[in-house]
Structures are given as C-alpha cells and as structure tokens.
2 protein chains.
Amino acid sequence: MADERQQRMTIQRKLILEVLQSTTSHPTADWIYEEVRKKLPRVSLGTVYRNLNVLKENGEVLELNYGSGQSRYDGNPKNHYHFTCQICGAVYDVPFDVQNELNERAKEASGFVIYKHRLEFYGMCNECQNSH
Amino acid sequence: MADERQQRMTIQRKLILEVLQSTTSHPTADWIYEEVRKKLPRVSLGTVYRNLNVLKENGEVLELNYGSGQSRYDGNPKNHYHFTCQICGAVYDVPFDVQNELNERAKEASGFVIYKHRLEFYGMCNECQNSH
DNA sequence: CTACGTGCAAATAGTTTGCCGGAAC
DNA sequence: GTTCCGGCAAACTATTTGCACGTAG
C-alpha cells in the first residue's frame, strides 16, 4: 500500500500481458514463455515468472492453481468461475454471475471477514465425452 | 477401478490417517511428518507423501491446494467448504451445506458434465482481525 | 542518470522415485 | 513365501533468486 515503487512497462511485460489477454486457454507459465519467445527469442523463463508475479500483485492477472503440477494464469482479473476437465486437464470459463451472497453465508457460518471466494467446477468436457 | 491391488494397513499408514483425522487444521505434509515422527521417529517424508497419495486415491483424504507453496490435506473426505486467512494462512472449515444446485447452473452455463465443485473463501480470521 | 528490469545460471522448495531390505498377510 | 511397503538418498519439476549488464522514464 505504502509501496510507491515505480514500475516500468518493458517489452517483456507488455508481451506477457498481451499473450495472456489474447487467449481464453488459461495457460501455464511455460506456454506463455514459448509464445513470448516467438516474438522475443531471448526472453527467459525467469522473466516470465517475475512478470507474472508483478502482474498478479497489480491485480492485472489471476493465478489459478489446481491439484498438481504448474499454476495456470488468467488474463481476466474480474472474479469468475472455472471448469476443469478431469480427463484432459483443459480449463474453461463458466459464464454465470458471481454469487456474492455466498460470502454472506460464509460470514454467518464462520464469523470471519470474507473478502472473496473462488469456485471451481470439475467434470468432463464435450470433447472427452465424445471420445468415450 | 479394475485395479484390485491388495493394500496393507501398515503402522505408518495408520498413524498418518490418525493424525489427519484428529485435527481440524488441514495440515501440510511436513507437519504430518513431524507429528508421526513423535511416535515413529524413523519414518521418512517420502513415506508420508506416498501414503497421502494412496489415501487420496482411496478417497479417504482430500488434497487442498492453494495459491503457492505446499499442499494441505484434509482428513474429512466429504465435500465441504474452506476458508483461508489471507494474513496468517490458516485454513478453517466453513460449516454450511454444499450447494448442489451450483452444479446445475454450471452445467447450464457451460454444457459440460459436472461431477463436483470446490468453493474456497478468503478473508481475515478473528485472530488476525484483533491484532490490527 | 537512476532505479528498475533482464538474461543467465545456479539455488530452492516441494514432491516423487529407484533400490533393496523388511514386514503384512 | 509372496507381494506390498518403508527408509534412504538421489532425482525431478516448478519456481525463485543473485549477479552484472541493459534500458525505460
């Protein structure tokens, strides 16, 4: 809050944000790295991670984190819900309104101050359904 | 499903399950390791992880996975909701009924087959509130 | 010109695995 | 006795970090 450190919009940071905002696929850091590398071949994976963390702290991207393996990132910082296919691992948005009354109920049930919630659905996507 | 591999109830597995079921603190693998070590000093961390994975596959425990760092484990396999304090990192249960109609709405909104959902709340716990 | 950011490589953290001896059944 | 499991240490994967140079503002 009191940290008024000046941030620079470098080419790397700009490209990383663009990649994230131009896909709906909730990619991993590694995938983002490969994409950015197409335009900026000498970029490093460390830079990708560093910038994802900066952008996350700025509230410009979300980190999604499922059971195992890598984190995934989402260029849409507005709270919304996700679906993960338990067969192929793909992650999709679930387009229905955020249920803010859930926060109320959680507050009543727990007594804690609730800032936000995260809701993730699991199941089988259409493609995986068809190949069964 | 077709895997009818015979499992043994070893002392290690038994203690790990007991530790998990006798706490409401959703501990990390490391904490479980330290607890089990009090009764079985030569147990190894690898064994703890191996057994947590076995128990998870059996559906006897849940793996909870938040933003960063380690996984946490829950000895209560019934679906229920959690609250994470964003200040101190503690995880608590949120005692209100599972909202199965959310699965319906997600199905309508996405067209996918939904098996389950996971709902996590974030905020500030009472202790952290008092120390501010 | 002054921080802040980058590339690179090495370090870390969490978790998994290979091996071989040991124990459950 | 057979098969699964445990201890140990090494391996692996994802992510972070130290350093010296580069560049945005």
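Numbered from 1 within each chain, the chains take letters A, B, ... in sequence-line order. Just the heavy atoms: all of them, side chains too, but no hydrogens, waters or symmetry mates, feed the values below.
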Using only heavy-atom distances, decide whether a donor-acceptor pair under 3.5 angstrom links the side-chain of [X] to the base of [N].
{"X": "B/Arg13", "N": "D/dG6", "value": "no"}
{"X": "B/Arg37", "N": "D/dG7", "value": "no"}
{"X": "B/Arg50", "N": "C/dG18", "value": "yes"}
{"X": "B/Arg8", "N": "D/dC5", "value": "no"}

How many Å lie between [atom1] on [X] and [atom2] on [N], as a whole number?
{"X": "A/Lys14", "N": "C/dC4", "atom1": "NZ", "atom2": "P", "result": "22 Å"}
{"X": "B/Tyr49", "N": "D/dA10", "atom1": "OH", "atom2": "P", "result": "19 Å"}
{"X": "B/Leu45", "N": "D/dA11", "atom1": "CG", "atom2": "P", "result": "18 Å"}
{"X": "A/Gln12", "N": "D/dC21", "atom1": "CD", "atom2": "C1'", "result": "14 Å"}
{"X": "A/Glu57", "N": "D/dT16", "atom1": "CD", "atom2": "C1'", "result": "13 Å"}
{"X": "B/Leu52", "N": "C/dT16", "atom1": "CG", "atom2": "P", "result": "9 Å"}
{"X": "B/Arg42", "N": "D/dA9", "atom1": "CZ", "atom2": "P", "result": "10 Å"}
{"X": "A/Tyr33", "N": "D/dT15", "atom1": "OH", "atom2": "P", "result": "14 Å"}

Q.
Please identify which of these residues, B/Leu45, B/Val19, B/Thr47, meets the side-chain contact (heavy atoms from CB on, under 4.5 Å) condition with B/Val36.
A.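 Passing option: B/Val19.
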
OP1, OP2 of [N] versus side-chain N and O of [X]: anything below 4.0 Å?
{"X": "B/Asn53", "N": "C/dT15", "value": "no"}
{"X": "B/Gln70", "N": "C/dG14", "value": "yes"}
{"X": "B/Thr10", "N": "D/dG6", "value": "yes"}
{"X": "B/Gln7", "N": "D/dT3", "value": "no"}
{"X": "B/Ser44", "N": "D/dG7", "value": "yes"}
{"X": "A/Gln6", "N": "C/dC4", "value": "no"}
{"X": "B/Ser71", "N": "C/dT15", "value": "yes"}

Donor-acceptor pair between [X] and [Y] side chains, under 3.5 angstrom:
{"X": "A/Arg105", "Y": "B/Gln99", "result": "yes"}
{"X": "B/Gln21", "Y": "B/Asn76", "result": "no"}
{"X": "B/Asp74", "Y": "B/His82", "result": "yes"}

Can you say whether the rings of B/Phe96 and B/Tyr81 are parallel (under 30°), tilted (30 to 60°) or perpendicular (over 60°)?
perpendicular

- Query: Given that A/Ile11 and B/Ile11 both sit by DNA chain C, which one's nearest nucleotide is further toward the 5' end?
  - Reply: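 This one resolves to A/Ile11.
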
Taking for B/Thr47 and for A/Ala29 the nucleotide of DNA chain D with the nearest heavy atom, the one nearer the 5' end belongs to B/Thr47

Note to self: By the 4.0 Å heavy-atom rule, please label B/Asp30 as base, sugar-phosphate, or nothing.
What the structure shows: nothing

Any chance you could lay out the ring pair (Phe, Tyr, Trp, His ring centres under 6.0 Å) test for A/Phe83 and B/Phe112, step after step, and finish with the verdict? CA-CA 9 Å; A/Phe83 167 88; B/Phe112 300 142; 4.5 Å; yes

